[in-house]
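Counting convention: from 1, in listed order, for ligands and their atoms alike. Side-chain atoms are counted along with the backbone in the values below, which use heavy atoms only and exclude waters and symmetry mates.
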Amino acid sequence: MAELLSDDQVAQALTKLESWQQNGAALTRSAELASFPQAIAVVNRIAEIAENNNHHPDMQISWRTVVFRCSTHSAGGITALDVSLAEEIDGVLEVFAQTSE
Ligand SMILES: C[C@H](O)[C@H](O)[C@H]1CNC2=NC(N)=NC(=O)C2=N1
């Protein structure tokens, strides 16, 4: 089972996850996409990644804005799996940001 990260380890991870913050037992970020269809495309791509990794974020869609929340339910907090998932989410968002310019 994935081990909970210490506060220092979370802080260290956040130095490389500039769009993310810690909210209690989760890492969270918000992203505004170019359109609602783009937001749905991002959610679908991340769903594929999450399913492949068997580690799933919470995703709240509000028109073009998606809020992501990464926490390891089985551990009750933030683990390395959440840091990796946040990095993957940032990668997807970078691809969609470039295509919408
Ligand atoms: C049975 C299945 O492997 C587990 O429920 C997985 C699925 N996806 C998961 N996702 C997240 N974020 N946390 C988990 O503990 C988790 N567990």
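- E88 places none of its side-chain heavy atoms less than 4.5 Å from the side chain of N52.
- Among residues at least two apart or in separate chains, salt bridge (charged side-chain N to carboxylate O under 4.0 Å, His left out) pairs with a member in residues 27-40 are R29-D90, E32-R64.
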**Step-by-step side chain to side chain contact (heavy atoms under 4.5 Å, CB included) determination, L27 to Q21** = CA-CA 6 Å; L27 297 176; Q21 59 187 3; over 6 Å; no
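- Inter-residue side-chain proximity for T65 and S30 is flagged as met; some heavy-atom pair is nearer than 4.5 Å.
- The closest side-chain heavy-atom distance from L4 to I78 is not below 4.5 Å.
- If you look at ligand 1, the protein residues with a non-hydrogen atom under 4.0 Å away are N54, H55, H56, S71, T72, H73, S74.
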**Message:** Walk me through whether S84 and E87 qualify under side chain to side chain donor-acceptor pair (under 3.5 Å).
**Reply:** CA-CA 5 Å; S84 300; E87 289 165 349; 4.5 Å; no
